[in-house]
Amino acid sequence: MIARLCVLFSCFALLSAQNLGVIDFPTSGSGEARKLFVEGVLFLLNFEFEDAEEQFRKARELDPDFAMADWGEAMTHTPPLWRQVDVEKARNVLNELAPT
């Protein structure tokens, strides 16, 4: 029974990761960085904050001048439903873009 539940949960997790939705979010980011950003936004909108943070971080690495990737990563530190807002982490990300 437990093995069946584990398989079912694994299948659900795989399906949910592939069906995050579709959005059109025009930005100035470069090709691959923009793709990662959009995936990050989809994860963010689906309350998958750790996955979103990873996508935004990758987008920032590919395109360091892509300000929206910084914004996205900062947003992952302010989950509205969990009341686990980490303003300091969010500000640290934004300060990497510009200290003011």
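Computed from a prediction, not measured in an experiment: that's the story for all the values here. Residue indices begin at 1 and follow the sequence shown. Basis for what follows: all heavy atoms, side chains included, without hydrogens, waters or symmetry-related copies.
- Linking ILVMFWY residues whenever their side-chain heavy atoms come closer than 4.5 Å, directly or via other members, places Val38 and Phe49 in the same cluster.
- Side-chain atoms of Asp63 never come within 3.5 Å of backbone atoms of Ala59 as a donor-acceptor pair (strictly under, hydrogens ignored).
- Residues Trp71 and Phe66 share a single hydrophobic cluster, defined by chaining ILVMFWY side chains whose heavy atoms lie under 4.5 Å apart.
- Hydrophobic clustering (ILVMFWY, side-chain heavy atoms < 4.5 Å, transitive): Met75 and Leu36 are in distinct clusters.
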Review item, side-chain donor-acceptor pairs of residues 20-34, under 3.5 Å, at least two apart:
unit_1: Thr27; atom_1: OG1; unit_2: Gly29; atom_2: N; d: 3.4
unit_1: Arg34; atom_1: NH2; unit_2: Phe25; atom_2: O; d: 3.1

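- Looking at every heavy atom in both residues, Met68 comes nearest to Phe37 through O-CE1, 3.2 Å.
- By the salt bridge (charged side-chain N to carboxylate O under 4.0 Å, His left out) test, Asp70 is found to be paired with Arg60, residues two or more places apart in sequence or in another chain being considered.
- Using a cutoff of 4.0 Å between basic side-chain nitrogens and carboxylate oxygens, Arg57 and Glu61 are not scored as salt-bridged.
- Paired with Glu53 under the rule side chain to side chain contact (heavy atoms under 4.5 Å, CB included), one option of Thr76, Leu44, Val93 passes, and it is Thr76.
- Proximity of Gln55 to Glu73: side-chain heavy atoms (C-beta onward) are nowhere separated by under 4.5 Å.
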